[in-house]
Amino acid sequence: MRRAFAALCALAFATTAACDRVAPAPASAPQPSPPRVPSSSVVIAATPPRPPLLTAADLDVRIAAIWQQANVTPTSPADDATWLRRAWLDIAGTIPPAAMVRRFLADASADKRLRATEDLLASPAWADHWAAYWDDALMGRNARGKDVDRDAFRAWLRGEFAANTPWNRIAEDLLTATGINSDRGAVNWTLKYQESPQDLAGAASRTFLGVQIQCAQCHDHKTEKWTQKDFQRFAAVFVRTRVAPVDDVGDVADAMAPPSKRPGQHARIKRVELRDLARPAPRFAKMGDLADVLGAEPTALDGTKLGGGDGVRGALARWMTAPDNPWFSRAFVNRLWGHFLGRGFVDPVDDLRPSNAPAAPELFDALATDFVESGYDVKHLVRIIVGSTAYARSAAPIDPATRSADPDQKLWERFRVVPLGPDELLDALIAATDLEAVVRGAPKLDLDQVRAKVRQRYSFLFDVDEDVDQSDYEGTVSQALTLLNGSVVQAGASILPGSALAGVLAMPGDDGARIDELYVRCLSRPATRDEVQTWLRFLDSAPDAPAAPSAGDPPLHDAGTKAPAAVPTEPKQQPDPLRGLDRRAGRQRTSARVRAWEDLAWALLNSSEFVFNH
C-alpha cells in the first residue's frame, strides 16, 4: 500500500494538468439552408417561412459579444484529447476507447469534432446514457413504488432517445400515459407517485417547467409568486387516476440489469393498469391532507382552467408543451446547458423563478425559441452546444487580471470541472481496465451481474433525498474512496488475464510506449515526456524479485482490506461480486516490478484527472 501511495504521489507531481493543454478551436457546423417553399399558382395563405435554426457559429458570435460586453477574457481552447474525452462523457456517458483517441488525434481534418459529435449522437451509447440520465432524474436511484416496473420504464426511455423523439412528445407521454406498467413504460413515472399526488405535482412542475411550486404546498411564501391555492389547483390534476391489478404477481428483474440478464433476487411487482377518471379517485378521499386538493379546480400555473372529465392530464400536457408556454422550452434548454457547460443560465437548473435571474438572458431566450422552432429536437440542441467555442474552452484557471469582471464565472469563459456521476464513473472504469474481459475469463461471473451488484453495493453512497430528487453525484471523499478503492479498481488495475494492464505489458516495444498506452487507455491522452520519465524511474526502483508484501502492508488488490475509517461501512447483505479475483491476481504477480506496474495503473485510476470531467 505504501508503494501504491508513492505511485499516486508520483502521478500528482508528474501529471501535466489536462486543462493547461491548448489546441485549435473546433470548426463550427455549416449553417443549414432555409427550407424551400414550393411554388404554386394559387396562394392559399401568406405563411411566413420558418426562420433558419441556430448553428454553433451563431452561438459563438453571441457568446463572443457577451464576453466582450462583460469585459471577460475566455480561457484558451481545450486540446483535441481533452475535447474528445469531454464529449464522450457528456454525450455517451463513458470515456473513448484508446484506438478512437489515437485516430482522432492523428486526424488533421478541420471538421473532425463535428464528425465525432455526429458519430456519438448516432451510437447506441447515446440512448443508453440519456435513458439512464432521465431514469435517475425522474425516478431517483430507488423508486420505492410497489408497482413500478423500472425495467419497462428505462426500456421506454431508451427507445425514445434512440428514435430522437421530440422532447414535447416525451413529456406528453409521461404526463398522460395510461395502460399496464410492464407494457406501457411511461406510466411507471405516475405509479411512483400514486400515493402522493402532491409530490407528483411538484415533480412535474420542477422537471418540465423549472418551477419550484412544491414550496407552496404547506403555506404561502412572502417573496414568491405561487400561493398554496395555486399549488392545490395544480395538484388537483393528478388525483384523477385509478390503479388496478390485471393479473397475478409476476417476477420483474432487478432494475439495474437489462431484461436479457436477470441477476440477483427478483422484485415482486404486480402488473397493474393506470386509467384516468372523470373525478377524483375515491382512494384519495381517505387521505386527510388531500381534502383541499380534492376540492380544487384543476388549473395550470398561469390560471388556465383545465376542465373536468377524464382528460385533465391531457389538457395539462397540451398547455405545458404549447410553443408559447413561458417555461417548458426554457427549462429543458437550461438543464442541457448546465449538463454540458457545468452551469445553466439559471442555477440551480430547475429553479426558473422570477427572483432567480438568468445569466445572458438574450442568449437564453434565443436558444429556447430555437428549441421550439426545431420541433423540440434534442439532438439539434446538443449539436449546437457541443459545437460551440464555449464548450471547447479549457478548464485552465482564469487570469487574475480578468477574474473580477466575472468572479463567479457565470458566463462560461472557462470550462467548469465536474465530478463524474456514479454510472459514468463505473462505465469509465470498466472501459479503462477492460474489466469485461477479466470477468469473461473468470468462472461463474457475468458482467451484467457484476455491474448490477456493484451498483447495489454502493447505492447507499448515492442515495438522495426523495423529496428533492437530486440525482447528481456530489463527488464526496467517501464516495470517491469507496468506489475507487473497491473491487472494480482492484481487479481492473491488476495483471489478471484479459485486463488492460495485462494487454499493455504484452505489447511489443519499450516501457515508455507501455506507459503511454496506459495513459491513453485511462486518461484518454498520451503521456508527456516528463510523465514517462517519472514513471520509468518509479518502475526501475522496484526490485526484480518475487512480490511479497511485508507484515502490516496488505496487498494492494486485497478485496478484504479494511476500508479507511472515513469510508462508510458497506451493506453486509451485498456480497462483493469480484471476491476472489485478488487471489487470482496474486498468482499472476510474479515480481515486485509487476506490482509496480499495478501501482501505476491504480494511481491513474485514482487521479483527479480520471474521476473528473474537465
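Using a cut-off of 4.0 Å between Lys/Arg side-chain N and Asp/Glu carboxylate O, Asp230 and Arg233 are scored as salt-bridged. The pair Asp351-Arg353 counts as a salt bridge, with a side-chain nitrogen and a carboxylate oxygen less than 4.0 angstrom apart. Salt-bridge annotation for Arg184 and Glu273: absent, with no side-chain N of the basic residue lying under 4.0 Å from a carboxylate O of the acidic one.
Nearest approach of Ala296 to Ala236, heavy atoms of both residues: O-CB, 3.6 Å. The nearest pair of heavy atoms linking Pro280 to Leu294 is CB-CD2, 3.6 Å. Counting all heavy atoms, side chain and backbone alike, Gly202 lies closest to Ile213 at CA-CG2, 4.4 Å. Listed here is the closest heavy atom pair of Gly375 and Pro166: O-CB, 3.2 Å. Closest heavy-atom contact between Gly185 and Phe153: O-CD1, 3.3 Å. Across all non-hydrogen atoms, the minimal contact from Thr241 to Arg283 is O-NH1, 2.9 Å.
Taking the side chain as every heavy atom from C-beta outward, Phe284 and Val293 never approach each other to under 4.5 Å. Taking 4.5 Å as the limit, some side-chain heavy atom of Met139 sits within range of a side-chain heavy atom of Arg150. The side-chain heavy atoms of Trp88 and Thr94, taken from C-beta on, include a pair separated by under 4.5 Å. Side-chain atoms of Pro326 and Leu352, non-hydrogen and from C-beta on, never get closer than 4.5 Å to each other. Lys305 is not listed as a side-chain neighbour of Pro298, based on a closest heavy-atom distance of 4.5 Å or more. Under the 4.5 Å side-chain criterion, counting only non-hydrogen atoms from C-beta, Phe161 is not in contact with Asp128. In this structure the side chain of Leu59 reaches within 4.5 angstrom of the side chain of Leu367, judged on heavy atoms. Looking at heavy atoms from C-beta onward, Arg343 lies in side-chain contact with Arg416 at the 4.5 angstrom threshold.
Note: Ile95 CD1 to Arg86 CZ = 15.5 Å, rounded to the nearest 0.5 Å. Interatomic distance, Asp151 CG to Ser182 OG, rounded to the nearest 0.5 Å: 11.0 Å. Interatomic distance, CD of Gln194 versus CG of Leu274, reported as 8.5 Å (0.5 Å rounding). Atom CD of residue Glu195 and atom CG of residue Leu290 lie 10.0 Å apart, to the nearest 0.5 angstrom. Remark: Lys379 NZ to Ile384 CD1 distance equals 15.5 Å, nearest 0.5 Å. In this structure, Arg383 CZ and Leu54 CG are separated by 14.0 Å, a value rounded to the nearest 0.5 Å.
Counting only distance, with no hydrogens or angles, the side chain of Thr299 and the backbone of Glu297 share a donor-acceptor pair below 3.5 Å. Of the possible polar contacts, none joining the Asp135 side chain to the Leu157 backbone as a donor-acceptor pair under 3.5 Å is found. With Asn188 contributing its side chain and Asn181 its backbone, the two residues share a donor-acceptor pair below 3.5 Å. Panel note: side chain Arg206, backbone Gln212; no donor-acceptor pair is recorded below 3.5 Å. In this structure a side-chain-to-backbone donor-acceptor pair under 3.5 Å is present from Asp58 to Thr55. The closest donor-acceptor contact from the side chain of Ser205 to the backbone of Ala201 lies at 3.5 Å or more, if one exists at all. Panel note: side chain Asn334, backbone Val346; a donor-acceptor pair is recorded below 3.5 Å. Judged by distance alone, with hydrogens and angles left aside, the side-chain atoms of Asp276 form no donor-acceptor pair with the main-chain N or O of Gly311 at under 3.5 Å. Tyr391 contributes no side-chain N or O that, together with a main-chain N or O of Phe415, makes up a donor-acceptor pair within less than 3.5 Å. Judged by distance alone, with hydrogens and angles left aside, the side-chain atoms of Thr304 form no donor-acceptor pair with the main-chain N or O of Ala300 at under 3.5 Å.
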Practice problem: Go through the steps for Trp337 and Phe332 under the test ring pair (Phe, Tyr, Trp, His ring centres under 6.0 Å), then give the verdict. | Solution: CA-CA 8 Å; Trp337 190 267; Phe332 189 81; over 10 Å; no
Quiz item: Do Thr190 and Leu175 pass the side chain to side chain contact (heavy atoms under 4.5 Å, CB included) test, and can you show the C-alpha distance, the side-chain angles, and the key distance before you say yes or no?
Solution: CA-CA 8 Å; Thr190 301; Leu175 290 164; over 6 Å; no
Practice problem: Could you walk me through whether Trp327 and Phe208 pass the side chain to side chain contact (heavy atoms under 4.5 Å, CB included) test, one step at a time? | Solution: CA-CA 8 Å; Trp327 299 290; Phe208 299 121; over 6 Å; no
Quiz item: Are Asp427 and Glu424 close enough, and set up right, to give a side chain to side chain contact (heavy atoms under 4.5 Å, CB included), and what steps lead you there?
Solution: CA-CA 5 Å; Asp427 288 341; Glu424 294 167 339; 6.0 Å; no
Self-check item: Worked verdict on Leu138 versus Leu174 for side chain to side chain contact (heavy atoms under 4.5 Å, CB included)
Solution: CA-CA 10 Å; Leu138 292 164; Leu174 286 164; 3.8 Å; yes
Quiz item: Between Asp199 and Ser196, does a side chain to side chain donor-acceptor pair (under 3.5 Å) hold up when you go through it step by step?
Solution: CA-CA 5 Å; Asp199 290 344; Ser196 181; 2.8 Å; yes
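With Phe364 as the aromatic partner, Arg330 meets the cation-pi criteria of under 6.0 angstrom to the ring centre and within 45 degrees of the ring axis. For the pair Arg313 and Phe238, the NZ or CZ position fails the cation-pi test of under 6.0 Å to the six-membered ring centre and within 45 degrees of the ring normal.
Each of Asp149, Asp147, Asp183 was evaluated against Arg271; a single residue qualifies, Asp183, per the salt bridge (Lys or Arg N to Asp or Glu O under 4.0 Å) test.
More than 12 heavy atoms of other residues, nucleotides or ligands sit less than 6.0 Å from atom CD of Glu118. Other residues, nucleotides and ligands place no more than 12 heavy atoms under 6.0 Å from the NZ atom of Lys410. Remark: Arg275 CZ is packed, more than 12 non-hydrogen atoms of other residues, nucleotides or ligands lying under 6.0 Å away.
Using the six-membered ring where Trp is involved, Trp167 and Phe328 have ring planes that are parallel, under 30° apart on the 30 and 60° scheme.
Ring centers of Tyr133 and His339: under 6.0 Å apart, within the cut-off. The aromatic ring centroids of Trp126 and Trp130 lie less than 6.0 Å from each other.
In this model, a donor atom of one side chain and an acceptor atom of the other lie less than 3.5 Å apart for His380 and Asp370.
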